[in-house]
Amino acid sequence: MIFLKRRRLFVWLLKAYLKKWRKTIFLSFIFGLVVFFILRYGINYFIPLIPFTQKETIGEVGAYTSDELSSEIVSKLSMGLTRVDENDNIQPAIAKSWEIKNNGKKYIFYLNKNIYFNDGSKLTSDKIKYNFIDVTVERPNDYVIIFNLKNSYSPFLITVSRPIFKNGFLGVGNYRVQSINLNGNFVQSINLVSNKVDTKEITYQFYPTEEALKTAFLLGEVSKIINLKSTKYGNVNLANFKNISYSKNINYNQLVTIFYNTQNPTLSDKRLREALSYAMPDKFEFGKRNYGPFSSNSWVNNNGLTTYQQDFEHAKILLGQSQSSTKSSTLSFEIKTLPQYRELSLEIQKQWEKIGIKTKITSVNALPLDFQIFVGDFNVPKDPDQYLLWHSEQVNNITHYKNLRIDKLLEDGRQTIDLSERIKIYEDFQKYLLDDPPATFLYFPYVYEIKKK
């Protein structure tokens, strides 16, 4: 009997509770059901909308100062009046158009009116300051700037592709500098933040050697490394790691070359230098073979040029005709090489032995003041003007090359504005340079990018 009374009391209390709170219970049930379906089916839609910070840490070998950062960084921070595309053609950038007058001595640039620095201030002609020598500047209004050159200089449009800054790192690019960490005068790391996506950050960290960079990558200090010359790390290859992806590219900005001291009594004989060139292989594991001073991407035609494809028999004939060979039964030279090209130098030594040339290899940490043969590289300019490297009066002419015909072609090439005329000039330049080679051009190096998946 007592049990039945308790049961009736429980049912009565339950009915009273449901009557009082039925609306709340019903709404809570509906709300819970909605939340369940959102979590079950809508999570993939809503997660990307959450503003997580996207951080990437990139490692690179190099010693840069705050006044001279890598081109990889500078291109993200700002741009110049012009830009150079992948085929070395000039394209508009800050300047929407330009005129060339007075036989290449006057350049008039018309600026875009909707470009702003990263602090919000508008870019006007008075903010463009390149500090050129022997150039006067006029600014008739906020969106026109005129450069008056003392002499005609056809590569000027490429010169003004150099990015523009004000007050240090303040540019007009897609990124801005958030912080910079210095070690003495050198940049140890620099942090960039996107102007378009506030949650995107890139940190660049610099290391003295590739080994140090690869170690940092394996330790997790950086998530990606760029511009590697090799993916090897000790006895292993990073490209074979399962959790790592890599890509292989060609660095067309740098041409690995054998430089000859043309004022050396023995190497002054062009037939000897030609013989040394013909002994080189047609393929290198280190990069894309290139027989001339320009890349195949250049607008300068390189058809019909001497390619110095490997020909030991021809090399021996030229060697036998050289004056140096008649004076001595065995020729021997010292090869000075940068450390990164020591393996290449061993390959060169091996090839020259096949035509009877003996060599001694010496490693140097920088361009030597005196050498017989130097294995190094040079930066290939976007414009085919290589006046500084091969003109007989230039201090950067490390081979001490003197060829009056080459001098004249280089002078004409940088003073001629008409493109068709310039093409003809540089075709002749290549032809005569390779006919009397001060150097053996080898390859554009492969570079690798490695990142964690």
For the backbone of L267 and the side chain of N264, can you confirm whether one donor and one acceptor N or O come within less than 3.5 Å of each other? yes

Where G234 and E211 come nearest, the two heavy atoms and their spacing: N-OE1, 4.4 Å

Under 3.5 Å, is there a donor-acceptor pair between the side chain of N102 and the main chain of G104? no

To the nearest 0.5 Å, atom CZ of F156 lies from atom CG of L149 at 5.0 Å

Between E210 and K229, is there a salt bridge with N-O shorter than 4.0 Å? no

Could you check whether any side-chain heavy atom of Y130 comes within less than 4.5 Å of a side-chain heavy atom of F147, counting everything from C-beta outward? yes

For residues I244 and K451, determine if any side-chain heavy atom of one lies less than 4.5 Å from a side-chain heavy atom of the other. no

Check whether any side-chain heavy atom of Y207 lies under 4.5 Å from a side-chain heavy atom of I225, and answer yes or no. no

Would you call D412-R422 a salt bridge at under 4.0 Å N-O? no

Modelled atom types, side-chain donor and acceptor of Q415 and N151, under 3.5 Å: no

Taking all non-hydrogen atoms of both residues, which atom of L77 and which atom of N118 are closest, and how far apart? O-ND2, 4.2 Å

Under 6.0 Å from the OH atom of Y448, do we count more than 12 heavy atoms belonging to anything else shown? yes

Identify whether NZ of Lys or CZ of Arg in K166 sits under 6.0 Å from the centre of the six-membered ring of F117 and within 45° of that ring's axis. yes

Are Y233 and T215 close enough, and set up right, to give a side-chain hydrogen bond (donor to acceptor under 3.5 Å, both in side chains), and what steps lead you there? CA-CA 9 Å; Y233 182 71; T215 299; 2.8 Å; yes

Please confirm whether the backbone N or O of G413 pairs with a side-chain atom of T416, one donor and one acceptor, at under 3.5 Å? no

Do the side chains of S230 and K214 get nearer than 4.5 Å, heavy atoms only? yes

Is the NZ atom of K150 crowded by more than 12 outside heavy atoms at less than 6.0 Å? no

Please list every donor-acceptor pair under 3.5 Å in which a side-chain atom of residues 335-345 meets a protein atom from a residue at least two apart or in another chain.
from, atom 1, to, atom 2, distance (Å)
K336, NZ, D370, O, 2.9
T337, OG1, Y341, O, 3.3
T337, OG1, S345, OG, 3.1
Y341, OH, D377, OD2, 2.7
R342, NH1, S363, OG, 3.1
S345, OG, Y341, O, 2.9

Output yes when D126 and R139 qualify as a salt bridge under the 4.0 Å nitrogen-oxygen rule, no when they do not. no

Please lay out, stage by stage, how E427 and K431 fare under the test salt bridge (Lys or Arg N to Asp or Glu O under 4.0 Å). CA-CA 6 Å; E427 285 177 350; K431 174 184 175 182; over 6 Å; no

Any side-chain donor-acceptor pair under 3.5 Å between Y426 and Q386? no

Pair K283, Y443: side-chain N/O donor-acceptor within cut-off below 3.5 Å: no

Atom CG of N365: over 12 foreign heavy atoms under 6.0 Å: no

Do any N or O atoms from the side chain of R289 and from the backbone of P281 form a donor-acceptor pair under 3.5 angstrom? yes

When rounded to the nearest 0.5 Å, the distance separating OH of Y107 from OG1 of T159 is 8.5 Å

Is it the case that over 12 heavy atoms from other parts of the model lie below 6.0 angstrom from the CG atom of N235? no

Is the number of heavy atoms from other residues, nucleotides or ligands within 6.0 Å of NZ (K354) greater than 12? yes

Taking atom types as modelled, is there a side-chain donor on N261 or Q372 under 3.5 Å from an acceptor on the other? no

Would you mind checking if R414 and D383 are paired as a salt bridge, meaning a charged N to carboxylate O distance below 4.0 Å? no

Report yes or no: does E60 contribute a side-chain atom to a donor-acceptor pair with the main-chain N or O of F206 at less than 3.5 Å? no

Restricting to side chain to side chain contact (heavy atoms under 4.5 Å, CB included), what partner residues turn up for N141, sequence neighbours left out? Y143, V144

Taking all atoms of both residues into account, what is the closest heavy-atom pair of I94 and M79, and its distance? CD1-O, 3.3 Å

Verify the distance criterion only: is there a donor paired with an acceptor across the side chains of N397 and T399 at less than 3.5 Å? yes

Testing the 3.5 Å rule here: is there a donor-acceptor pair between the side chains of D88 and N297? no

Using modelled atom types and a 3.5 Å cut-off, is there a donor and acceptor pairing between side-chain atoms of T262 and backbone atoms of H400? yes

Do side-chain atoms of N112 reach the backbone of N114 as a donor and acceptor pair under 3.5 angstrom? no

Exercise: identify the closest heavy-atom pair between T82 and L157: OG1-O, 2.6 Å

Nearest heavy-atom approach of N290 to G292 is ND2-O, 2.7 Å

Is any side-chain heavy atom of T231 less than 4.5 Å from a side-chain heavy atom of I450? yes

Charged N to carboxylate O below 4.0 Å: is that the case for D428 and K424? yes

Indicate the ring-plane relationship of F109 and W98, choosing parallel, tilted or perpendicular according to the 30° and 60° boundaries. tilted

Compare all side-chain heavy atoms of T203 with those of E56 and state whether any distance is below 4.5 angstrom. no

Which value, rounded to the nearest 0.5 Å, describes the distance between F374 atom CZ and I258 atom CD1? 11.5 Å

Please check if any side-chain donor atom of D142 sits under 3.5 Å from a side-chain acceptor atom of S125, or the reverse. no

T359 side chain near W352 side chain, heavy-atom distance below 4.5 Å: yes

I'd like to know if the side chain of T65 pairs up with that of D67 as donor and acceptor (distance under 3.5 Å, no hydrogens or angles considered). no

Tell me, yes or no, whether the heavy-atom count around N185 atom CG, taken from other residues, nucleotides or ligands under 6.0 Å, exceeds 12. no

For N403 and Y401, which I'm curious about, is there any donor-acceptor pair between the side chains at under 3.5 Å? yes

Determine whether S296 and K288 make a side-chain contact, defined as any pair of heavy atoms from C-beta on separated by less than 4.5 Å. yes

Please answer whether the main-chain N or O of S189 pairs with a side-chain N or O of Q205 as donor and acceptor at a distance below 3.5 Å. no

Residue pair Q351 / E347, side-chain donor-acceptor N/O under 3.5 Å: yes

V447 and N227 have their tightest heavy-atom pair at CB-CA, 4.1 Å

Please indicate whether E68 has more than 12 foreign heavy atoms, meaning atoms of other residues, nucleotides or ligands, lying under 6.0 Å from its CD. no

One should read off an interatomic distance between S277 OG and D311 CG, to the nearest 0.5 angstrom, of 12.5 Å

Kindly compute the distance separating OH (Y246) from CD (E449), expressed to the nearest 0.5 Å. 12.5 Å

My understanding is that only one of Y291, Y308, Y260 makes a side-chain hydrogen bond (donor to acceptor under 3.5 Å, both in side chains) with T440; could you say which? Y260

As an exercise, state the distance from CG of L434 to CD of E274, rounded to the nearest 0.5 Å. 10.0 Å

N/O donor-acceptor pair under 3.5 Å between S152 side chain and N103 backbone: yes

Heavy atoms from other residues, nucleotides or ligands near CG of L219 exceed 12 (cutoff 6.0 Å): yes

Main-chain N/O of F294 paired with S298 side-chain donor or acceptor, under 3.5 Å: no

